[in-house]
Amino acid sequence: MEGAAEMDIEGQSQVLPISNNSKRFGIRNSIQTNFADDYVFQIVPKNDWTSMAVSLSTNAIKLYSLATAQYIGECNGHSSTINQISFSDPSSPHVLHSCSSDGTLRAWDTRSFQQVFSLNAGPSQEIFSFSFGGANHNLLAAGCNSQILFWDWRTKRQVACLEESHTEDVTQVHFIPGYDDRLISASVDGLMCLFDTGGDINDDDQMISVLNVGTSIGKVGFLGEKNQKLWCLTHIETLSVWDWKDERTEANFEDARSLASKSWMADNVDYFVDCHYSLEEDRLWVIGGTNGGSLGYFPVTYKETGAIGPPEAVLCGGHEGIIRSVLSGVPGQTMDNHGIFGWTGGEDGRLCCWLSDGSATSQSWISTLALKSDKTRRKGRHSPY
């Protein structure tokens, strides 16, 4: 049975010292769920931030109220791992898109929880990522094994396939915000490729540049006033910042995990979950986690002398395992008028809502309250793209 119950912060019996500038957060909500031994893969918000979609290792997508955690419904249809979900089209705010290792990319109406359409990449294909864009806003690009496929999403017709740009799985594709015809791809082969999708899309004529990261790439994202720069996280936990227009490295943190750990008096960083950029503040944070389920937001200085500073926000006590997804604001701010800082989900099957207590002291709440399953969790880290 799905439900939600809002509870007070509890389990405040232990306090850990952290940075003097760190914010502390406590668990706000606990939800009864049937996650059992399932992983939480990704949490994404609806465009109006009224609800959120959560992808699970059961190949299902569940929807909850972002403010109250009330269960809304779920979408079922994928037969293998869901690698990405997104509310991608502002003109169709109720439509959620998903791609999977079953070789399909699907659209769902989150009002009826029914499938709207499905695109199939072909036999033995896994779709790891997708992005909507193009000069006419009609293209849907997807990373499928080592290829990049393009569809006209209006006609559902495949219009191009790039086969020679990458030699291994394409983990990320992103149309660049503000540059509708520019696409960035990233791969296990350690390369990021920039394409012009404005004309006839092919490997020979449309590739603008190649950026060599040198190791398998996990996630990329954009930053800067004009999105001219991008951050890159790798599968060996390195971080780099690039200027894709000028084709140069702004900063390279091969020892990013070590730098973050040295700045965190309370714990060591075992992995990175994501990066978060604030356009208003022009600041970048790398979000690092521990195998025990703590999370820190570490400020990244990439201009001139590169540095990773002490965590400015720490989330402790909600999880007991690897955290796979973070949906949040920036340290010192909340996402909405409910005082919620963010949501996290992980390999312990928990979905946690974090609420700031408004204190500026250098403490972090340790809480035992969270959405969790009734079964004992697996301890090993699951590592799909």
Side-chain angles (χ1 to χ4, degrees), residues 19 128-129 143 146 165-174 176-179 182-195 207-264 267-279 281-290 295-313 323 326 330-331 381 383 385:
S19 165
F128 298 113
S129 59
S146 63
S165 304
H166 293 286
T167 58
E168 297 186 64
D169 291 341
V170 177
T171 55
Q172 298 271 274
V173 290
H174 291 285
I176 303 174
Y179 304 84
R182 296 291 191 269
L183 179 83
I184 284 278
S185 63
S187 168
V188 174
D189 63 16
L191 301 180
M192 296 188 292
C193 298
L194 175 65
F195 300 94
M207 182 183 288
I208 298 173
S209 62
V210 178
L211 305 176
N212 189 355
V213 178
T215 188
S216 178
I217 301 169
K219 287 185 179 181
V220 299
F222 300 98
L223 65 152
E225 183 179 356
K226 297 182 178 180
N227 294 308
Q228 185 174 330
K229 305 181 193 306
L230 61 85
W231 55 262
C232 172
L233 284 173
T234 72
H235 289 124
I236 60 170
E237 316 300 347
T238 65
L239 168 67
S240 54
V241 178
W242 300 73
D243 187 314
W244 60 263
K245 267 195 168 182
D246 294 341
E247 302 178 31
R248 61 182 173 85
T249 309
E250 294 264 319
N252 188 21
F253 301 95
E254 293 185 354
D255 56 347
R257 186 167 51 180
S258 175
L259 291 173
S261 296
K262 288 179 181 178
S263 72
W264 194 358
D267 223 323
N268 290 318
V269 173
D270 296 309
Y271 58 91
F272 291 118
V273 182
D274 210 338
C275 285
H276 193 105
Y277 174 71
S278 168
L279 176 61
E281 300 182 29
D282 189 25
R283 298 188 65 202
L284 178 68
W285 292 266
V286 62
I287 305 173
T290 71
L295 205 66
Y297 283 64
F298 300 86
V300 178
T301 301
Y302 57 90
K303 301 173 183 177
E304 299 175 357
T305 58
I308 296 178
E312 295 183 358
I323 297 172
V326 178
V330 301
R381 185 180 183 189
S383 57
Y385 301 128

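Since we're looking at a predicted model, the values are computed, not measured.
Here the side chains of Val300 and Trp285 are not in contact, with every heavy-atom distance at 4.5 Å or above. Contact check for Asp246 versus Gln228: side-chain heavy atoms found under the 4.5 Å cut-off. Annotation: side chain of Arg283 is in contact with side chain of Pro299 (closest heavy-atom distance under 4.5 Å). For the pair Ile184/Val173, no side-chain contact is recorded, criterion being any heavy-atom separation below 4.5 Å from C-beta on. Counting heavy atoms from C-beta on, the side chains of His235 and Thr215 never come closer than 4.5 Å. Two residues are said to be in side-chain contact when any heavy atoms from C-beta on lie closer than 4.5 Å; Val170 and Gln172 fail this criterion. At least one side-chain heavy atom of Phe195 sits under 4.5 Å from a side-chain heavy atom of Cys193. Proximity of Phe298 to Ile287: side-chain heavy atoms (C-beta onward) are nowhere separated by under 4.5 Å.
At distances below 3.5 Å, at least one donor-acceptor pair connects side-chain atoms of Ser263 with backbone N or O atoms of Gly309. Between the Tyr302 side chain and the Trp242 main chain, no donor and acceptor come within less than 3.5 Å of each other. The backbone N or O of Val269 sits nowhere less than 3.5 Å from a side-chain atom of Thr290 that would complete a donor-acceptor pair. Under a 3.5 Å cut-off, the side chain of Ser258 and the backbone N or O of Asp255 do not form any donor-acceptor pair. Side chain of Ser187 to main chain of Asp189: a donor-acceptor pair is present (N/O by atom type, distance under 3.5 Å, no hydrogens or angles). Side-chain atoms of Glu312 never come within 3.5 Å of backbone atoms of Tyr297 as a donor-acceptor pair (strictly under, hydrogens ignored). The backbone N or O of Phe272 sits less than 3.5 Å from a side-chain atom of Glu237, completing a donor-acceptor pair. Listed for the Arg257 side chain is no donor-acceptor partner under 3.5 Å among the backbone atoms of Thr238. A donor-acceptor pair under 3.5 Å links the side-chain atoms of Trp244 to the main chain of Asn227, judged by distance alone. At distances below 3.5 Å, at least one donor-acceptor pair connects side-chain atoms of Asn212 with backbone N or O atoms of Gly214.
Atom OG of Ser216 and atom CG of Leu191 lie 11.0 Å apart (nearest 0.5 Å). Remark: Thr171 OG1 to Leu233 CG distance equals 11.0 Å, nearest 0.5 Å. Rounding to the nearest 0.5 Å gives a distance of 9.0 Å between CG of Leu284 and OG1 of Thr301. With values rounded to the nearest 0.5 angstrom, Ser185 atom OG is found 9.5 Å from Met192 atom CE. Within the model, atoms CZ of Phe222 and CH2 of Trp231 stand 10.0 Å from one another, a figure rounded to the nearest 0.5 Å. Rounding to the nearest 0.5 Å places CG of Leu239 at 8.0 Å from SG of Cys232.
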Handout entry: Audit row: His166, Glu168, side-chain hydrogen bond (donor to acceptor under 3.5 Å, both in side chains) steps and yes/no
Key = CA-CA 6 Å; His166 293 286; Glu168 297 186 64; over 6 Å; no

Problem - Working for side-chain contact (heavy atoms from CB on, under 4.5 Å), residues Arg248 and Leu211 - result: CA-CA 8 Å; Arg248 61 182 173 85; Leu211 305 176; over 6 Å; no

Problem - CA sep, side-chain torsions, deciding dist, call: Lys219, Cys275, side-chain contact (heavy atoms from CB on, under 4.5 Å) - result: CA-CA 9 Å; Lys219 287 185 179 181; Cys275 285; over 6 Å; no

Handout entry: Test log, rule salt bridge (charged side-chain N to carboxylate O under 4.0 Å, His left out), inputs Lys229 and Glu250
Key = CA-CA 8 Å; Lys229 305 181 193 306; Glu250 294 264 319; 3.3 Å; yes

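Between Gly224 and Leu279, the shortest heavy-atom distance links the atoms O-CD1, 3.9 Å. The shortest heavy-atom contact between Arg182 and Ile208 is NE-CD1, 3.3 Å. For the residue pair Ile217 and Ala186, the shortest heavy atom distance occurs at CG2-CB, 3.7 Å. Considering every non-hydrogen atom in both Gly289 and Leu295, the closest pair reads CA-CD1, 3.9 Å. Contact record, Asn252 with Ser240: OD1-CB, 3.7 Å, taken as the closest heavy-atom pair.
A salt bridge does not link Glu247 to Lys245: none of the charged side-chain nitrogens sits closer than 4.0 Å to a carboxylate oxygen.
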